[in-house]
J.: 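Have a look at this one before I ask anything.
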Amino acid sequence: MVKVNIDRDRCYGLGQCVLAAPDVFDQDDDGIVWLLVEEARPEQHDEVRQAALACPRQAIGVAD
């Protein structure tokens, strides 16, 4: 399992995470990231890591 955490205070709402992993991330009405699951399934690991890399504010943390 890969644990995912977010820092909503760092998020600018660009949505790159939602594009990379739509089953893990969503955005609220203000566009700020919202975490749908805290532990990504194995088939989501690459998407979650890609989302973390794509975030310009480094608001996404990933831990194995």
Side-chain angles (χ1 to χ4, degrees):
M1 282 288 175
V2 167
K3 294 190 133 208
V4 184
N5 61 69
I6 55 173
D7 183 346
R8 290 175 46 90
D9 292 333
R10 295 182 70 117
C11 180
Y12 275 169
L14 299 177
Q16 297 302 306
C17 55
V18 177
L19 293 173
D23 293 333
V24 177
F25 302 99
D26 199 357
Q27 292 173 285
D28 65 16
D29 292 339
D30 295 322
I32 303 301
V33 64
W34 187 260
L35 193 56
L36 298 174
V37 297
E38 293 182 8
E39 292 188 3
R41 296 186 312 266
E43 62 271 21
Q44 297 171 317
H45 292 181
D46 288 341
E47 293 177 351
V48 168
R49 288 187 178 98
Q50 185 63 35
L53 290 172
C55 179
R57 296 279 294 165
Q58 300 175 338
I60 300 170
V62 179
D64 292 319

J.: Could you measure the distance from the CD1 atom of Ile32 to the CG atom of Asp26? Nearest 0.5 Å is fine.
T.: 12.5 Å

J.: Working note: Phe25 + Leu35, criterion side chain to side chain contact (heavy atoms under 4.5 Å, CB included); need CA distance, chi angles, decisive distance, verdict.
T.: CA-CA 5 Å; Phe25 302 99; Leu35 193 56; 3.8 Å; yes

J.: Could you grab the distance from atom CZ of Arg41 to atom CD of Glu47, nearest 0.5 Å is fine?
T.: 9.0 Å

J.: Testing the basics here: between Ala40 and His45, what is the closest heavy-atom pair and its distance to 0.1 Å?
T.: O-NE2, 3.2 Å

J.: Using every non-hydrogen atom in the two residues, find where Cys17 and Val33 come nearest and quote the distance to one decimal.
T.: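 The pair with the smallest heavy-atom distance is SG-CG2, 3.6 Å.
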
J.: Could you grab the distance from atom CD of Gln16 to atom CD of Gln50, nearest 0.5 Å is fine?
T.: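 Going from CD on Gln16 over to CD on Gln50, the span is 10.0 Å.
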
J.: What are the two closest heavy atoms between Val62 and Val48, and how far apart are they?
T.: CG2-CG1, 3.6 Å

J.: Identify the two heavy atoms, one from Cys11 and one from Gly13, that lie closest to each other, and give their separation to 0.1 Å.
T.: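 Minimum heavy-atom contact is SG-N, 3.2 Å.
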
J.: Quick check: is Met1 connected to Val4 through a chain of hydrophobic side chains (ILVMFWY, heavy atoms under 4.5 Å apart)?
T.: no

J.: Is Arg49 paired with Asp64 through a side-chain N to carboxylate O contact shorter than 4.0 Å?
T.: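 Answer for the salt bridge query: yes.
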
J.: Which pair of non-hydrogen atoms, one from Arg10 and one from Gln58, has the smallest distance, and what is that distance?
T.: NE-O, 3.8 Å

J.: Assess whether atom CD of Glu39 is packed by more than 12 heavy atoms of other residues, nucleotides or ligands within 6.0 Å.
T.: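 Result for CD/Glu39: enclosed.
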
J.: Provide the closest heavy-atom pair for Ala51 versus Ile60 in the form atom of the first, atom of the second, distance.
T.: O-CD1, 3.7 Å

J.: Side chain to side chain contact (heavy atoms under 4.5 Å, CB included) between Arg8 and Asp28: does it pass, once the steps are laid out?
T.: CA-CA 11 Å; Arg8 290 175 46 90; Asp28 65 16; 2.8 Å; yes

